[in-house]
Novice: 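Below you will find the structure I want to go over with you.
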2 protein chains.
Amino acid sequence: MTLKRRKNRTPHPQCALSDCMSFIGGAWTPNIIWYLSSGPRRFSELRSDIPLVSAKVLTQRLRELEDRGILSRAVKDTSPPSVEYALTALGLEFMPVIQAISEVGQRLKARAAA
Amino acid sequence: MTLKRRKNRTPHPQCALSDCMSFIGGAWTPNIIWYLSSGPRRFSELRSDIPLVSAKVLTQRLRELEDRGILSRAVKDTSPPSVEYALTALGLEFMPVIQAISEVGQRLKARAAA
DNA sequence: CAGCATCCCACGGGATACTG
DNA sequence: CAGTATCCCGTGGGATGCTG
C-alpha cells in the first residue's frame with residue numbers, strides 16, 4: 001500500500017493507523033514477523049515457512065524491515081554461509097498487531113466454515 | 001496487497017494472517033473501520049474524517065467492504081439524499097486488530113519523538 | 001545457502017470532471 | 001449529497017535465471 005501523498009492537504013493527526021500499516025502492509029510482512037517471533041531464523045527456513053513467497057520478495061521485505069529497525073541480520077561466516085534474522089526490540093512491538101490479525105483470521109475461517 | 005497466486009504451490013495452513021490482511025490491506029480501509037466503530041456515519045462525514053482519501057477510493061473501499069459483509073449501507077431517501085454506513089457484526093470482529101494497529105502506531109510515534 | 005539481476009505486467013489508487 | 005466516469009501512472013510483486 002503506497003498512499004501517494006495527495007497535494008494541498010495537511011496531514012491528519014489520526015494517521016497512526018496508516019503509519020503502522022506502512023510497516024506491515026507489504027505482502028508477506030506479517031508472516032515474516034510471525035515466524036520470527038518464536039526466535040531467530042535463517043533465510044531458507046523462512047522460505048519454507050512461507051512457501052508462497054518468492055526469494056526476491058522475501059529479500060526485499062527482509063531488507064526493508066532491517067532498514068526500518070524491525071529486525072536484525074547476522075551473517076555467520078561459515079561455509080555454506082548462513083544468515084540469521086531476528087526481531088529487534090522495536091520489532092517485538094508489532095507482536096500485538098500480528099497476534100490480533102492472526103486471531104481474527106482464525107475466527108473468520110471458523111465463521112466461514114459454519 | 002494483491003498476492004498473485006503463485007502457480008504449482010499448495011496453499012499453506014498458516015495463512016490466517018494473509019486472509020485477514022486481505023480485508024484490511026487496502027488503502028484507508030483501517031481508517032474507515034476505525035471511524036465507523038463509534039457509530040454509523042455518512043459518506044461526506046467519512047470524507048472529512050479521512051481528508052486524504054479521494055471520493056473514488058472511498059467509494060471503492062465502502063463497496064468492497066459492503067460486499068464482504070463488513071459494513072452495511074443504508075440509503076435514506078431524503079432530499080438531499082444521505083447514505084449511512086455502519087459496521088456489521090462481522091465488521092466489529094476486526095476491532096481488536098484496528099485497535100492494536102492504532103496503539104502500536106501511537107507507540108511508534110512516541111518512540112520516534114524520543 | 002543466500003542472495004542479485006532482469007523482465008514484465010496487473011492493479012491500486014490519484015487527478016479531474018461530470019451527474020441524479 | 002453521494003457518488004460515476006475516465007485517464008493515467010507508479011510500484012509491488014511474480015517468473016526466471018545467474019552468482020559468490
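Below, chain A is the first sequence line, B the second, and so on; all start at residue 1.
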Novice: Check whether any side-chain N or O of A:Ser82 sits under 4.0 Å from OP1 or OP2 of C:dC1, and answer yes or no.
Specialist: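 The answer is no; no side-chain N or O of A:Ser82 sits under 4.0 Å from OP1 or OP2.
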
Novice: Answer yes or no: does a side-chain N or O of A:Thr59 lie under 4.0 Å from OP1 or OP2 of C:dG3?
Specialist: no

Novice: Picking from A:Leu36, A:Leu90, A:Ile70, what satisfies side-chain contact (heavy atoms from CB on, under 4.5 Å) with A:Leu65?
Specialist: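 In the set A:Leu36, A:Leu90, A:Ile70, the residue that makes a side-chain contact (heavy atoms from CB on, under 4.5 Å) with A:Leu65 is A:Ile70.
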
Novice: Quick check for you: among D:dG13, C:dG14, D:dG3, whose closest atom lies nearest to any side-chain atom of B:Ser54?
Specialist: C:dG14

Novice: Between B:Arg42 and B:Glu45, does at least one N-O distance fall below 4.0 Å, as a salt bridge requires?
Specialist: no

Novice: Taking the side chain of B:Trp28 as its heavy atoms from C-beta onward, which of D:dA2, C:dG14, C:dA2 lies nearest to it?
Specialist: C:dG14

Novice: Assign each of A:Arg73 and B:Gln60 to its nearest nucleotide of DNA chain C by heavy atoms, then name whichever residue's nucleotide is nearer the 5' end.
Specialist: A:Arg73

Novice: Checking contacts here: which listed nucleotide (C:dC1, D:dG3, D:dC1) is nearest the side-chain heavy atoms of A:Pro80?
Specialist: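 Taking heavy atoms from C-beta onward, the closest nucleotide is C:dC1.
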
Novice: Considering only heavy atoms from C-beta outward, does the side chain of B:Thr29 approach that of A:Met21 to under 4.5 Å?
Specialist: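 No, side chains not in contact.
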
Novice: Where is the tightest heavy-atom contact between B:Arg41 and B:Tyr35, given as atom of each residue plus distance?
Specialist: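 Taking every non-hydrogen atom into account, CD-O, 3.5 Å.
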
Novice: Given axes from five pairs at either end, by how many degrees does the helix from C:dC1-D:dG20 to C:dG20-D:dC1 bend, rounded to 10°?
Specialist: 60°

Novice: Is a donor from one side chain sitting under 3.5 angstrom from an acceptor on the other, for B:Thr88 and B:Arg68?
Specialist: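 No - no donor-acceptor pair under 3.5 Å links their side chains.
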
Novice: Applying the side-chain contact (heavy atoms from CB on, under 4.5 Å) criterion to B:Ser102, which one of A:Val97, A:Asp19, A:Leu17 satisfies it?
Specialist: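 So the option named by the test is A:Leu17.
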
Novice: Taking only N/O atoms, report every protein-nucleotides 17-20 of chain C pair under 3.5 Å with atom names and distance.
Specialist:
none

Novice: Measuring to OP1 and OP2 of C:dA2, would you say a side-chain N or O of A:Ser44 lies under 4.0 angstrom away?
Specialist: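 Yes, because at least one side-chain N or O of A:Ser44 sits under 4.0 Å from OP1 or OP2 of C:dA2.
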
Novice: Is the distance from OP1 or OP2 of C:dG13 to the nearest side-chain N or O of B:Arg61 less than 4.0 Å?
Specialist: yes

Novice: Check the phosphate of D:dA2 against B:Arg42, side-chain N and O only, distance under 4.0 Å to OP1 or OP2. Yes or no?
Specialist: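 So the side-chain polar atoms of B:Arg42 do come within 4.0 Å of the phosphate oxygens OP1 or OP2 of D:dA2, strictly under.
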
Novice: Roughly, in whole Å, what's the span from NZ in A:Lys56 to P in D:dG12?
Specialist: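 Those two atoms, NZ and P, are 10 Å apart.
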
Novice: Which pair of heavy atoms, one from A:Ala55 and one from A:Phe43, lies closest together, and at what distance?
Specialist: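 The pair with the smallest heavy-atom distance is O-CZ, 4.1 Å.
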
Novice: Examine C:dG3: is either OP1 or OP2 under 4.0 Å from a nitrogen or oxygen in the side chain of A:Arg63? Give yes or no.
Specialist: yes

Novice: Before accepting this row, confirm whether a basic side-chain N of the pair B:Glu84/B:Arg73 lies closer than 4.0 Å to the acidic partner's carboxylate O.
Specialist: no

Novice: Take the protein atom CE of A:Met21 and the nucleotide atom C1' of C:dG12, then report the distance between them rounded to whole Å.
Specialist: 14 Å

Novice: For A:Leu62 and A:Leu71, which heavy atoms make the closest approach, and how far apart are they?
Specialist: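 The pair with the smallest heavy-atom distance is O-CD1, 3.7 Å.
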
